[in-house]
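Within every chain, numbering begins at 1; the chains are lettered A, B, ... in the order of the sequence lines, protein sequences first and strands thereafter. Worth knowing before you read on, the calculation uses all heavy atoms, side chains too, and leaves out hydrogens, waters and symmetry mates.
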Amino acid sequence: MRISELARQAGTTPRALRYYEEQGLLHPARLASGYRQYDEQALRAVRHIQLLLSAGLNTTAIAEILPCIPDDVTVLAPTCPELLDELAAERARITRSMQQLGAARDVLDRLLQNDPR
DNA sequence: ATTCTTACA
DNA sequence: TGTAAGTA
């Protein structure tokens, strides 16, 4: 299928699909016309990408992870240690962010305590 | 009509 | 990420 078809099925835009390719996440074949040609497994790949992105992973991490995911996998389950490492690292980043946000909120709480209103 | 690349008031 | 331009 061509780019607009895949975009439609994946609920995204051709722009995003080209961006994924630019980031090394997708490798569609090319027609003689220069048009990108996506195979059947492309849709699942895009779904995996979207899932990983929603988990906060950057495209670099995802590019390293994707190759160790069997193309026949529907539900993304931790397969190789690569994936586990990336996920654990992202979780750690989230934990740190939460701590920083908590500290920022505490500061605001103290400032608000003197609010004359 | 669609897609492609490149670039950015 | 959107969008415009100029092609193929």
field: A:Leu17 and A:Tyr38, any side-chain heavy atoms less than 4.5 Å apart
entry: yes
task: Give every residue pair that meets the disulfide bond (SG atoms under 2.5 Å apart) criterion with at least one member in residues 24-56 of chain A, sequence neighbours excluded.
output: none
task: Using heavy atoms and a sub-4.0 Å distance, could you list which residues of residues 39-60 of chain A are near DNA chain C? By number, please.
output: none
- line: Sorted by chain and residue number, the salt bridge (Lys or Arg N to Asp or Glu O under 4.0 Å) partners of A:Arg91 (sequence neighbours excluded) come out as none
Output a table of donor-acceptor pairs, distance under 3.5 Å, between side-chain atoms of residues 27-35 of chain A and any protein atom two or more places apart or on a different chain; print 'none' if there are none.
residue	atom	partner	partner atom	Å
A:Arg30	NH1	A:Gly34	O	2.9
A:Ser33	OG	A:Tyr35	N	3.3

field: Set of side chain to side chain contact (heavy atoms under 4.5 Å, CB included) partners for A:Gln113, sequence neighbours left out
entry: none
query: Where does DNA chain C pair, written as one dot-bracket string 5' to 3', with Watson-Crick or G-U pairs under 3.5 Å, ( ) inside the strand, [ ] for crossing pairs and | for another strand?
result: .|||||.|
statement: Across all chains, not counting sequence neighbours, the salt bridge (Lys or Arg N to Asp or Glu O under 4.0 Å) partners of A:Arg36 are A:Glu21
query: Taking only residues at least two apart or on different chains, which pairs with a member in residues 7-18 of chain A satisfy salt bridge (charged side-chain N to carboxylate O under 4.0 Å, His left out)?
result: A:Glu5-A:Arg8
Residues in side chain to side chain contact (heavy atoms under 4.5 Å, CB included) contact with A:Leu101, at least two apart in sequence or another chain: none
Name the atoms and distances for all side-chain donor-acceptor pairs under 3.5 Å in residues 57-68 of chain A, with sequence neighbours left out.
residue	atom	partner	partner atom	Å
A:Asn58	OD1	A:Thr60	N	3.1
A:Asn58	OD1	A:Ala61	N	2.7
A:Thr59	OG1	A:Gln23	OE1	3.0

Salt bridge (charged side-chain N to carboxylate O under 4.0 Å, His left out) contacts in which one or both residues fall within residues 77-87 of chain A, not counting sequence neighbours: none
message: So if I define the base as every atom that isn't primed, P, OP1 or OP2, how would nucleotides 2-8 of chain C read as a B/S/- string at a heavy-atom cutoff under 4.0 Å?
response: BB----B
